[in-house]
Amino acid sequence: MAGTIVLLVPLVLGAVFVGLCFLERMLARKKAWWPGLILPGLSLLWALFSSLNYPQSTTSTDPLVIAASIGMNFLLGNLPTYVFLLIYGVVRSKSRKQRELEKMNLQDL
């Protein structure tokens, strides 16, 4: 029983992340620029919150170890932020090129 739960957790988390990536793609396609930045912003806030709470769980009192753990936790916690921003940039770039092509086609008429 416990073995199946251990196997299901990464699958469920992966499915949720893929769903969030599709949501980011949909939000980035909106005409306004700001809806596509909601998920990266929330992800950034989550990484900041979790990295600032992380040192409370460490047993070391060395400031260098604590600072390194905060930094690494922040960088690794922002991996979803990087993915969301990459999706945002690619989708916005494609839609910008599409709008420019439509303008050129209208001008050619």
Side-chain angles (χ1 to χ4, degrees):
M1 181 70 173
T4 56
I5 293 174
V6 171
L7 291 176
L8 285 177
V9 169
L11 291 175
V12 170
L13 289 177
V16 167
F17 185 69
V18 168
L20 287 173
C21 287
F22 280 113
L23 177 63
E24 174 61 30
R25 183 173 173 245
M26 185 184 72
L27 290 173
R29 284 181 157 182
K30 300 274 185 191
K31 193 167 188 172
W33 59 270
W34 62 269
L37 294 176
I38 292 173
L39 286 179
L42 290 175
S43 178
L44 178 69
L45 288 175
W46 179 259
L48 183 64
F49 176 73
S50 65
S51 66
L52 291 178
N53 284 332
Y54 182 72
Q56 295 173 358
S57 64
T58 60
T59 57
S60 177
T61 58
D62 185 17
L64 189 59
V65 171
I66 292 173
S69 66
I70 289 172
M72 285 304 291
N73 193 20
F74 185 70
L75 288 175
L76 292 176
N78 270 321
L79 287 177
T81 307
Y82 306 141
V83 172
F84 292 148
L85 285 174
L86 179 68
I87 292 170
Y88 177 79
V90 168
V91 169
R92 293 297 287 183
S93 174
K94 283 183 180 180
S95 66
R96 189 177 312 118
K97 286 179 185 178
Q98 186 66 29
R99 281 193 305 254
E100 288 175 7
L101 277 174
E102 288 174 4
K103 282 183 184 179
M104 286 174 38
N105 287 338
L106 286 174
Q107 289 175 353
D108 288 342
L109 293 176

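Below, all heavy atoms of this structure are taken into account, side chains as well, without hydrogens, waters or symmetry copies.
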Going hydrophobic residue to hydrophobic residue with side-chain gaps under 4.5 angstrom, can you get from V18 over to V12? no
Please tell me whether V90 and I87 are part of a single hydrophobic cluster in this structure, the criterion being side-chain heavy atoms less than 4.5 Å apart. no
Residue pair T81 / S43: nearest heavy atoms and the distance that separates them: OG1-OG, 2.7 Å
Looking at every heavy atom in both P40 and E24, which two are closest together, and how far apart are they? CD-OE1, 3.4 Å
Kindly give the heavy-atom pair with the smallest separation between N78 and A47, and that separation in Å. OD1-CB, 3.3 Å
Between Y82 and L75, is there a side-chain heavy-atom distance shorter than 4.5 Å? yes
Side-chain heavy atoms nearer than 4.5 Å, only ILVMFWY residues, links allowed to pass through others: does that put L44 and L37 together? no
Is there a continuous path of hydrophobic side-chain contacts, each under 4.5 Å between heavy atoms, that joins F49 to L42? no
More than 12 heavy atoms of other residues, nucleotides or ligands under 6.0 Å from CZ of R99: yes or no? yes
Inspect the surroundings of CZ in F17 and state if more than 12 heavy atoms from other residues, nucleotides or ligands are less than 6.0 Å away. yes
Enclosure of R25 CZ (heavy-atom neighbours >12, cutoff 6.0 Å): no
Linking I/L/V/M/F/W/Y whenever any side-chain heavy atoms sit under 4.5 Å apart, do L20 and V83 land together? yes
Rounded to the nearest 0.5 Å, the OG atom of S50 sits from the CD1 atom of I70 at a distance of 11.0 Å
Would you compute the distance between atom CG of L27 and atom CZ of F84 and round it to the nearest 0.5 angstrom? 10.0 Å
Here the gap from S69 atom OG to L64 atom CG, rounded to the nearest 0.5 Å, amounts to 10.0 Å
In short, A32 meets R92 closest at the heavy-atom pair O-NH1, 3.4 Å
One should read off an interatomic distance between E102 CD and S95 OG, to the nearest 0.5 angstrom, of 10.0 Å
Any chance you could measure I38, atom CD1, to K30, atom NZ, to the nearest 0.5 Å? 10.0 Å
To the nearest 0.5 Å, atom CE of M26 lies from atom CG of L39 at 9.5 Å
